[in-house]
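Only a predicted model underlies this, so the values are computations on that prediction, with no experimental measurement involved.
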Amino acid sequence: MKKIKYLLTAILLGTSQWLMALTVPGPIVDANWLANHSAQVQILEVRSDVKSFTREPEFETDKKTGKKMVVEVGGRIPDANVVNFKNVRAERMVDGRKLKYLVPEKADFEKLLQQAGINQGKPIILVPAGQDVSDIDEALRVYWQLKIYGEDNIAVLDGGMAGWLAQGRPFTVTPSKAAAGNWTAKAYRSELIASSDDVANASKTGKTQLVDGRSPAQFLGITKRDYVKTYGHIAGAQAFAPELMTRSSDGALYFLKPNTYEALLKANGIKPNEPAISYCNSGHLASGPWFVMSELVGNKSTKLYDGSLYLWTLEGRPTQGVPLN
């Protein structure tokens, strides 16, 4: 009888803990929500400038209104764990060729998150620096990779660290010393990743939209990144520039409403609810259009082309742009 009693008690405790487990309200959360639920979630700050985690933030104060504006992000949210975005993507051997900027193998991605102190069973809130679209896309790239490996209880802090600081919320500049976590992948969702052949087929048939997440100058072929071999965009692609991703307030960038994104997508020749593949130079900025279409607009037939134009042009596939002479 005692064994049965202990077993029932364990089941009841486990059930109550499961019932109490917090679920994020959506793909983005605001600073108020995070402040009210910080003890129930894991905060993971994503940045390339890792020195900024231990640097004091810089502010400017409007002399007339007394309102603070964030000039440069520094510090981190108390109890937040941190990850260097430069380690988020991996160099991998594919068909005998060493390729950069790809989603890591399962074991490598698990190791990255475990070293950052991330555990199973609690929501993960990703925090970008929040001052430039490229740093927001750093957090969105991590979000996409977490989705690939089966994690759904995740969200991004709207406004990022810049918004948190602009609201006068607490921060620390002490180094993060997280104990190793035990996070492991739950699945592998290949349906979120587009291959070069998927992109080539979309370009040829037009049955799947191609969405270019780079600047207009790069889309049109006026400029390019050094690791992309040719200028311009993939035939048939429509542009969704980084400038369309956010609005600015007090030195921080915030997401727009879903219906605004729908209108912006349509204005750029993109059908919000039809199958799409996002791409950019390396798969970083492409995380923005993917997040907008898949998570905010709700188009689950949206994929991201991992490797993007770096891989596309490395394979000798064609691009097109405006004539430059």
Exercise for the section: List the steps, then state whether side-chain contact (heavy atoms from CB on, under 4.5 Å) holds for Asp79 with Ile43. Expected result: CA-CA 7 Å; Asp79 297 325; Ile43 303 171; 5.9 Å; no
Practice task
Go through the steps for Glu295 and Lys147 under the test salt bridge (Lys or Arg N to Asp or Glu O under 4.0 Å), then give the verdict.
Solution key: CA-CA 11 Å; Glu295 307 302 279; Lys147 281 282 185 177; 3.6 Å; yes
Would you say the side-chain atoms of [X] and [Y] include a donor-acceptor pair closer than 3.5 Å?
X	Y	answer
Glu151	Trp183	yes
Gln120	Lys186	yes
Thr54	Arg76	no
Thr230	Thr313	no
Asp197	Ser195	no
Ser52	Arg47	yes

Exercise for the section: Kindly give the heavy-atom pair with the smallest separation between Leu112 and Val88, and that separation in Å. Expected result: CD2-CA, 3.9 Å
Exercise for the section: Looking only at non-hydrogen atoms, find the nearest pair between Val199 and Trp312 and report the distance. Expected result: CG1-CZ3, 3.6 Å
Problem - Within residues 102-112 or reaching into it, pairs that qualify as side-chain hydrogen bond (donor to acceptor under 3.5 Å, both in side chains) - sequence neighbours excluded - result: Arg92-Glu105, Lys106-Glu110
Handout entry: Parallel, tilted or perpendicular: ring planes of Tyr101 versus Tyr227, cut at 30 and 60 degrees
Key = tilted
Problem - Ring centroid separation His284 to Phe85 under 6.0 Å - result: yes
Exercise for the section: Could you tell me whether Glu315 atom CD has more than 12 heavy atoms of other residues or ligands within 6.0 Å of it? Expected result: yes
Handout entry: Salt bridge present between Lys68 and Asp250 (N-O < 4.0 angstrom)
Key = no
Practice task
For the pair Glu72 and Arg55, find out whether any cationic side-chain nitrogen is under 4.0 Å from an anionic carboxylate oxygen.
Solution key: yes
Practice task
Please assess Arg214 against Asp212 for the test salt bridge (Lys or Arg N to Asp or Glu O under 4.0 Å), listing each intermediate value before the final yes or no.
Solution key: CA-CA 6 Å; Arg214 301 173 300 153; Asp212 190 312; 2.8 Å; yes
Handout entry: Evaluation steps, side-chain contact (heavy atoms from CB on, under 4.5 Å), between Tyr149 and Arg189
Key = CA-CA 6 Å; Tyr149 284 117; Arg189 293 167 173 156; over 6 Å; no
Exercise for the section: Would you check, one step at a time, whether the test salt bridge (Lys or Arg N to Asp or Glu O under 4.0 Å) holds for Asp306 with Arg141? Expected result: CA-CA 10 Å; Asp306 200 23; Arg141 173 73 191 203; 2.7 Å; yes
Handout entry: Nonpolar side-chain network containing Val82, other nodes, edges under 4.5 Å
Key = Val50, Phe53
All N/O donor-acceptor pairs, side-chain side in residues 253-274, below 3.5 Å, sequence neighbours left out:
from   : atom 1 : to     : atom 2 : distance (Å)
Tyr261 : OH     : Met245 : O      : 2.4
Tyr261 : OH     : Leu256 : N      : 3.0
Asn268 : ND2    : Leu264 : O      : 2.8

Practice task
Kindly determine whether Ile118 and Leu44 satisfy side-chain contact (heavy atoms from CB on, under 4.5 Å), including the steps that lead there.
Solution key: CA-CA 8 Å; Ile118 300 302; Leu44 182 61; 4.2 Å; yes
Practice task
Please lay out, stage by stage, how Asn281 and Ser308 fare under the test side-chain contact (heavy atoms from CB on, under 4.5 Å).
Solution key: CA-CA 6 Å; Asn281 291 310; Ser308 286; 5.9 Å; no
